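As the structure is a prediction and not an experimental result, all values here were calculated from the model. The sequence lines fix the lettering, A, B, ..., with proteins before strands; numbering per chain opens at 1.
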Amino acid sequence: MTVPYRAPADEAEALRVQEELRSRVDLVGPGPAAPATVAGLDVAYATSGDRLAAAVTVLDATSLAVVDEAVSVGRPAFPYVPGLFAFREMPALLAALDRLTVRPELLVCDGHGVAHPRRFGLACHLGLVTGLPAIGVGKTPLVGTWTGPGPRRGEWSPLRDRGEVVGRVLRTRDGTRPVFVSVGHRIGLDDAVERVLALTPRYRLPETTRTAGRLCRRALAAGGDRG
DNA sequence: GCGACAG
DNA sequence: ATCTTGTCGC
């Protein structure tokens, strides 16, 4: 199901939006059995903090080659508040998604999905608004506790918060810090982890995140730190 | 009451 | 997120 994006005027309204939408998240899927394309989304900020660039790259799921990409430059749409982070970047990310020529089959977001205090992180919000399956891959935890996964790539341990498993702490590379994988929308946790491993043949972060990261940094630099 | 707190 | 120097490793 697709949902229109509404920009909240303040924190109270942002919380209401999350409460209203959280029940619509699909934690099961099934996600795309064998997606042909996977998109990565990332945002870079100017030093001044008053300007940002959002990028989306679409990769061939097998070769990991970039087949499409789009960028949008703008202003943070909301102050940074842990737990309300999505409202900050969502408008720019949606603008970039609108500029794509190829509609990706899966979204890999730089931030959490249901591993969130109200089970509605950026990956859930993006998945719901676009109607696309979405996965959250965070570099640091927001909620939850875990016991370190083994040191080898592919090893993982459950991320638990208030009595429920909200994601997995996954080692994507031998001996490197793990990432935090959680369901965004329309995919199960097992499949989400499988997709993330398929996107990390070499580095800690998914290729989708890396290509999108390079693109938004480049766009920010090209804008001469202004526009 | 005191920290912690996605990017 | 971004600011930063060097440093260890492939």
Asker: Please report the distance, rounded to the nearest Å, between CG in A/Leu122 and P in B/dA6.
Answerer: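 The distance from CG of A/Leu122 to P of B/dA6 comes to 13 Å, rounded to the nearest Å.
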Asker: Please give me the minimum heavy-atom distance between A/Arg204 and A/Thr176, naming the atom from each residue.
Answerer: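 Result for this residue pair: CD-CG2, 3.7 Å.
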Asker: Just checking A/Ala115: base, sugar-phosphate only, or nothing, at a heavy-atom cut-off of under 4.0 Å?
Answerer: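 Contact class for A/Ala115: none.
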Asker: If only side-chain N and O atoms of A/Thr140 are considered, is one of them under 4.0 Å from the OP1 or OP2 phosphate oxygen of B/dC5?
Answerer: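 Checking A/Thr140 against B/dC5: no side-chain N or O falls below 4.0 Å of OP1 or OP2.
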Asker: Separation of A/Arg173 atom CZ from C/dG9 atom P, in whole Å?
Answerer: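 Whole-Å distance recorded here is 13 Å.
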Asker: Can you tell me the distance, in whole Å, between the CG atom of A/Leu93 and the P atom of B/dG7?
Answerer: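 After rounding, the reported distance stands at 14 Å.
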Asker: In this structure, how many angstroms lie between the C1' atom of B/dA6 and the CG atom of A/Leu126, rounded?
Answerer: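 In whole Å, B/dA6 C1' and A/Leu126 CG are 13 Å from each other.
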Asker: Can you tell me how far P of B/dG7 sits from OH of A/Tyr80, to the nearest Å?
Answerer: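 For the pair A/Tyr80 OH and B/dG7 P, the rounded distance is 7 Å.
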Asker: Starting at atom CG of A/Asp42, determine the distance to atom P of B/dA6, rounded to an integer number of angstrom.
Answerer: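 Value for this atom pair: 15 Å.
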Asker: If only atom types and distance count, is the side chain of A/Thr200 paired as donor or acceptor with the main-chain N or O of A/Leu205 below 3.5 Å?
Answerer: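 No.
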Asker: Under 4.0 Å between any heavy atoms, over every strand shown, what does A/Pro141 touch: base, sugar-phosphate, or nothing? Just pick one.
Answerer: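 Sugar-phosphate, no base atom in range.
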Asker: Search all heavy atoms of A/Ser72 against all heavy atoms of A/Ala96 and return the closest pair with its distance.
Answerer: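 Nearest pair, atom of A/Ser72 first, then A/Ala96: CB-N, 3.8 Å.
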Asker: Could you check whether A/Gly83 gets within reach of a base, just the sugar-phosphate, or nothing at all, counting any heavy atom under 4.0 Å?
Answerer: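 Here A/Gly83 touches the bases of the nucleic acid.
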Asker: Side chain of A/Asp110: nearest nucleotide among B/dA6, B/dG7, C/dT2?
Answerer: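 Of the candidates, B/dG7 comes closest.
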Asker: Grab the CD-P distance between A/Glu11 and B/dC5 for me, whole Å please.
Answerer: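 One finds 18 Å between P of B/dC5 and CD of A/Glu11, rounded.
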Asker: Has A/Thr47 got a side-chain N or O lying under 4.0 Å from the OP1 or OP2 atom of C/dC3?
Answerer: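 Yes, such a contact exists.
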Asker: Would one find a side-chain N or O of A/Tyr45 under 4.0 angstrom from OP1 or OP2 of B/dG7?
Answerer: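 False: A/Tyr45 side-chain N/O out of range (4.0 Å or more) of B/dG7 OP1/OP2.
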Asker: Counting any heavy atom closer than 4.0 Å, what does A/Leu84 reach on the DNA or RNA strands: base, sugar-phosphate only, or nothing?
Answerer: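 Base contact.
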Asker: Between A/Tyr5 and A/His125 (judged by ring centroids, cut-off 6.0 Å), do the two rings come close enough to count as a pair?
Answerer: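 Here the rings of A/His125 and A/Tyr5 have centres that are less than 6.0 Å from each other.
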Asker: Tell me whether the OP1 or OP2 atom of B/dA6 has a side-chain N or O from A/Lys139 closer than 4.0 Å.
Answerer: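 Answer is no, no contact under 4.0 Å.
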Asker: Hey, is the side chain of A/Arg217 poking within less than 4.0 Å of OP1 or OP2 on C/dT2, counting only N and O atoms?
Answerer: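 Checking C/dT2 against A/Arg217, a side-chain N or O does come within under 4.0 Å of OP1 or OP2.
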Asker: How many whole angstroms separate atom CZ of A/Arg88 from atom P of C/dA1?
Answerer: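 That distance rounds to 12 Å.
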Asker: Using atom types as modelled and distance alone, determine if a side-chain donor or acceptor of A/Arg171 lies under 3.5 Å from a backbone N or O of A/Gly150.
Answerer: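 Yes; at least one donor-acceptor contact below 3.5 Å.
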